[in-house]
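What follows is a short report on a single structure.
Because the structure is predicted, anything quoted here is derived from the model rather than measured.
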Amino acid sequence: MLLRASGEQTGDDVNLEAVIDGSGMPGIRWGRELNRIVEAVIARDAAALDESCSAAEPIMGDDAVRDALVVAAAFNGITRVADATGIPLDEPTAAATGALRSQLGIDAFDYDAKSQRYA
């Protein structure tokens, strides 16, 4: 399950494990640049974010870098709202994404520890 155009590009296989563990290339346009930006966002490392965005701009363009940052911010907000309100994963989505969540280890994320860390 991919967002709209993210799976419609080169026809190459998308390596979702690369998104989780940072190994290899995800197989999407600008994958290396996007991974660097996302890792900096997750780490809350302003210097690394500035460096990754500066390195990505000549390759991706200003608009694409800005879009990547907007998407990262939106997903962060959506996840926090869902976590804070205790919204469970609906059954159709759980069924459709079960193998993917297992493959990527998403179900192993410790949300209780995350909540305590940011409380």
Side-chain angles (χ1 to χ4, degrees):
M1 182 177 284
L2 298 172
L3 294 175
R4 198 171 52 92
S6 62
E8 297 175 2
Q9 49 210 337
T10 64
D12 297 333
D13 289 331
V14 175
N15 176 10
L16 295 176
E17 288 89 356
V19 175
I20 297 296
D21 65 19
S23 66
M25 290 299 297
I28 61 171
R29 186 175 185 195
W30 306 319
R32 182 180 319 275
E33 292 77 21
L34 291 169
N35 269 352
R36 288 186 67 206
I37 291 170
V38 168
E39 290 299 326
V41 168
I42 291 170
R44 296 179 177 205
D45 185 334
L49 182 59
D50 185 49
E51 180 182 317
S52 62
C53 289
S54 294
E57 284 174 359
I59 298 164
M60 297 172 53
D62 293 344
D63 289 344
V65 171
R66 184 175 34 257
D67 288 350
L69 294 171
V70 168
V71 169
F75 269 78
N76 184 45
I78 291 166
T79 301
R80 287 178 185 259
V81 169
D83 288 350
T85 58
I87 296 172
L89 188 59
D90 63 274
E91 288 189 31
T93 302
T97 63
L100 177 65
R101 287 182 289 108
S102 177
Q103 175 189 5
L104 299 177
I106 291 172
D107 289 335
F109 291 163
D110 187 351
Y111 286 102
D112 290 334
K114 179 180 171 184
S115 296
Q116 292 173 10
R117 185 174 51 208
Y118 294 110

- Query: Could you state the interatomic distance from CG (Asn35) to CH2 (Trp30), rounded to the nearest 0.5 Å?
  - Reply: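 With rounding to 0.5 Å, CG (Asn35) is 14.5 Å from CH2 (Trp30).
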- Hey, what do you get for SG (Cys53) to CD (Glu33), rounding to the nearest 0.5 Å?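 Between atom SG of Cys53 and atom CD of Glu33 there are 11.5 Å.
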Where is the tightest heavy-atom contact between [X] and [Y], given as atom of each residue plus distance?
X: Arg29; Y: Leu34; value: O-CD1, 3.7 Å
X: Arg36; Y: Ala55; value: NH1-CB, 3.6 Å
X: Leu49; Y: Leu69; value: CD1-CD2, 3.8 Å
X: Ala48; Y: Ala40; value: C-CB, 3.7 Å

- Query: Quick one: does Thr97's side chain have a donor or acceptor within less than 3.5 Å of a partner on Thr93's backbone?
  - Reply: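 It does hold such a pair.
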- Query: Any donor and acceptor pair, going by atom type alone, linking the side chain of Ser54 with main-chain N or O of Glu51 inside 3.5 Å?
  - Reply: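 Not a single qualifying donor-acceptor pair exists.
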- Query: Mind checking whether Ile59 and Val41 sit in one hydrophobic cluster, side chains of I, L, V, M, F, W, Y counted as touching below 4.5 Å?
  - Reply: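 Hydrophobic grouping puts Ile59 with Val41.
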